[in-house]
Amino acid sequence: MERPKDGDLSKWAAEGVFLLNASLTVRAAEPMSHAKIGWAQFTDAVIKKIAEEKEHVVFLLWGKFAQEKAAFIDETKHHVLKAAHPSPLSAHAGFLGCQHFSKTNKYLMEKGIEPVDWKL
């Protein structure tokens with residue numbers, strides 16, 4: 001598969017994929033530098049709203065902070081997949097080979113929902 005020339009993920013957004021980090025900003029070269037400035041309140045509220053108002057959402061929770069958000073998700077209504085964060089520092093600890101994209105599509109098709117075309 002050819003690697004995309006840019007980081008444009010709008011194709012996924014058009015298919016209903018919503019990407020959300022636990023913290024939405026950071027100081028350059030300082031991981032987690034904005035982790036305690038209120039982003040958790042916002043991202044918790046977004047996840048709660050989606051989990052309450054939608055059905056059959058697949059939540060891909062990558063990394064410790066994302067996995068803490070599982071507390072807001074009714075797993076009888078939604079599908080939750082967890083793995084290590086995909087960063088180069090930790091991808092080898094469980095993200096690589098987790099097959100979350102194919103597992104997402106399998107779940108969606110089981111629910112009669114169009115699968116995501118993950119190719120960019």
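Source: prediction; values computed, not measured. Numbering of residues begins at 1 and proceeds along the displayed sequence.
Side-chain atoms of Trp118 come within 3.5 Å of backbone atoms of Phe101 as a donor-acceptor pair (strictly under, hydrogens ignored). Using a distance-only test at 3.5 Å, with no hydrogens or angles considered, no donor-acceptor pair links the side chain of Lys54 to the main chain of Lys49. Panel note: side chain Asn105, backbone Pro115; no donor-acceptor pair is recorded below 3.5 Å. Between the side chain of His78 and the main chain of Ala51, a donor-acceptor pair closer than 3.5 Å is present.
No continuous path of hydrophobic side-chain contacts links Trp12 to Met109 [ILVMFWY only; heavy atoms under 4.5 Å]. Under the 4.5 Å side-chain contact rule for hydrophobic residues, Val57 and Val46 share a cluster. Hydrophobic clustering, with ILVMFWY side chains joined whenever heavy atoms are under 4.5 angstrom apart, groups Ile47 together with Val80. Hydrophobic clustering keeps Met32 apart from Leu20 (ILVMFWY residues linked when any side-chain heavy atoms are closer than 4.5 Å, directly or through intermediates).
Of all heavy-atom pairs between Gln67 and Ala84, the closest is NE2-N, 4.4 Å. Contact detail for Ala70 and Leu61: the closest heavy-atom pair is CB-CD1, 3.7 Å. The two residues Asp117 and Lys11 make their nearest non-hydrogen contact at O-NZ, 2.9 Å. Closest non-hydrogen pair, Ala83 versus His100, comes out as CB-CE1, 3.5 Å. Heavy-atom minimum distance, Leu120 versus Asp8: CD2-O, 4.1 Å. Closest non-hydrogen pair, Ala91 versus Pro86, comes out as CB-O, 3.7 Å.
No close placement of the His79 and Phe59 rings is indicated, their centers lying 6.0 Å or farther apart.
Cluster partners of Val26, using a side-chain heavy-atom cutoff of under 4.5 Å among ILVMFWY residues and allowing indirect links: none.
Using a 4.5 Å heavy-atom threshold, the side chains of Phe72 and Glu52 count as separate. Contact check for Leu81 versus Tyr107: no side-chain heavy atoms found under the 4.5 Å cut-off.
Here the straight-line distance linking atom CD1 of Ile113 with atom NE2 of His56 works out to 5.5 Å at 0.5 Å rounding. If you take NZ on Lys77 and CD on Glu53, they are separated by 8.5 Å, rounding to the nearest 0.5 Å. Between Glu55 atom CD and Thr76 atom OG1 the span is 9.0 Å, to the nearest 0.5 Å. In this structure, the separation between CH2 on Trp62 and SG on Cys98 is 7.0 Å, given to the nearest 0.5 Å.
By the 6.0 Å contact criterion, CD on Glu110 is enclosed, its count of non-hydrogen atoms from other residues, nucleotides or ligands being greater than 12. Open room surrounds NZ on Lys106; 12 or fewer heavy atoms of other groups in view lie less than 6.0 Å from it.
Remark: the His34 side chain and the Ser23 side chain contain no N/O donor-acceptor pair separated by less than 3.5 Å.
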**Asked** So Ile50 and Phe18, side-chain contact (heavy atoms from CB on, under 4.5 Å) or not? Walk me through it.
**Response** CA-CA 10 Å; Ile50 291 169; Phe18 178 65; 3.9 Å; yes
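Partners of Asp44 under the salt bridge (Lys or Arg N to Asp or Glu O under 4.0 Å) rule, at least two apart in sequence or in another chain, are Lys69.
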